[in-house]
*Asks:* 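Just passing along the structure, written as structure tokens.
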Amino acid sequence: MAFDIDKYTATSVSVHWDDLDFESFREHPLPADSLRTLRYMTDVEYHTVCYTRDLLTTPSHRDPDVGAFMTMWNREEFWHGEALAAVLGMHGITVAYDQLRATRLKLGWKDKLDPIKQSALGALVGSDFIAVHMAWGAANEWSAITAYNRMAELEQNPVLAELLRRIAKQEARHVAFYTSQARDRLAASTKAQKLTRFALRRFWAPVGSTIMKRDDVVHVMTQLMTGEHGAKAARRVDHQIAALPGLHGLTIVQDALRGLGVAV
Ligand SMILES: [Fe+2]
Ligand SMILES: [Fe+2]
């Protein structure tokens, strides 16, 4: 079914948590391993604005549906960061959005080159770039849902689980948008299929791995994507990606995990 962008923009709201008993974390704090993973997730959610900036230099922003989606999506991801930062705050861990932004600005050349590269690539391949962007977005959002659901499963903390369930529900709408766009665009162009296949295979990396330290990436992937249930979750994301037109056989998540030395 086609994604209803008008309905999405009209119903986009911040994830709410004011009814959740965050005070309970004082009595039942989360373990250090999980806090480290939540910290990673917070950083990634807050980084969305930089990712959005990069994409505003590509043909994607000229498409009205994509532009409208990205505006609301960017806000929702920011609020996911706020909610997770509040959980960390109850554990005495401060993640300030402004501070993070300042750190990102200091990343220097690497960060500065990203939008230029994106924009050059965008101009080079024209509208087929949007297909790459949409399939990439679908892979990232599937990863996000998987990560939040895995975390909720592992921790079995009712307050955290409820918050993560609410976030995952919004991630599911993001998946729906990216998937419906990717499916249509890939089905319409074999050139887009080839390009997307190449880009995902060659350049895709787990969400956050280009901005976080490698040992943090390994920690998060090991916690969430290993063991019987974790490995199954990784395979499920790969199956979903491979079901898009022209992407059969791709195993980008499992390949990335192996590349990081994380057992799958
Ligand atoms: Fe999110
Ligand atoms: Fe999302």
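Not measured: the values here are computed from a predicted model. When a ligand or atom number is given, it counts from 1 through the structure's own listing order.
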*Asks:* Are R166 and D19 close enough for a salt bridge, meaning some N to O gap below 4.0 Å?
*Replies:*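 So R166 pairs with D19 through a salt bridge.
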
*Asks:* For the metal site, I want the angle between atom OE2 of E171 and atom OE2 of E45 with the Fe ion (ligand 1) at the apex, to 10°.
*Replies:*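 Approximately 100° at the metal, rounded to tens of degrees.
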
*Asks:* Give a yes or no on whether the ring-centroid distance for F177 and Y8 is below 6.0 angstrom.
*Replies:*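 Between Y8 and F177, which both carry aromatic rings, the centre distance is not below 6.0 Å.
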
*Asks:* Got an N, O or S from E76 under 2.8 Å of the Fe ion (ligand 2)?
*Replies:*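 Of the N, O and S atoms in E76, none lies under 2.8 Å from the Fe ion (ligand 2), which means no.
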
*Asks:* Closer than 2.8 Å to the Fe ion (ligand 2): does that hold for any N, O or S atom in H80?
*Replies:*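 False for H80.
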
*Asks:* If I consider every N, O or S atom in H174, which one ends up closest to the Fe ion (ligand 2)? I only need its name.
*Replies:*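 Looking at H174, the N, O or S atom with the least distance to the Fe ion (ligand 2) is ND1.
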
*Asks:* Would you check if the distance from the ring center of Y178 to the ring center of F69 is below 6.0 Å?
*Replies:*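 Yes, ring centres under 6.0 Å apart.
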
*Asks:* Would you say the side chain of R75 lies within less than 4.5 Å of the side chain of S14, judging by non-hydrogen atoms?
*Replies:*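 When only atoms from C-beta onward are counted, R75 and S14 do not touch, as no gap falls below 4.5 Å.
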
*Asks:* If you consider just the N/O/S atoms, which atom of E141 is the closest one to the Fe ion (ligand 2)?
*Replies:*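 The nearest such atom is OE1.
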
*Asks:* Taking atom types as modelled, is there a side-chain donor on E76 or T48 under 3.5 Å from an acceptor on the other?
*Replies:*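 The criterion, which ignores hydrogens and geometry beyond distance, is not satisfied for T48 and E76.
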
*Asks:* Could you check which N/O/S atom of E77 is closest to the Fe ion (ligand 2)?
*Replies:*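 Distance check against the Fe ion (ligand 2) picks out OE2 in E77.
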
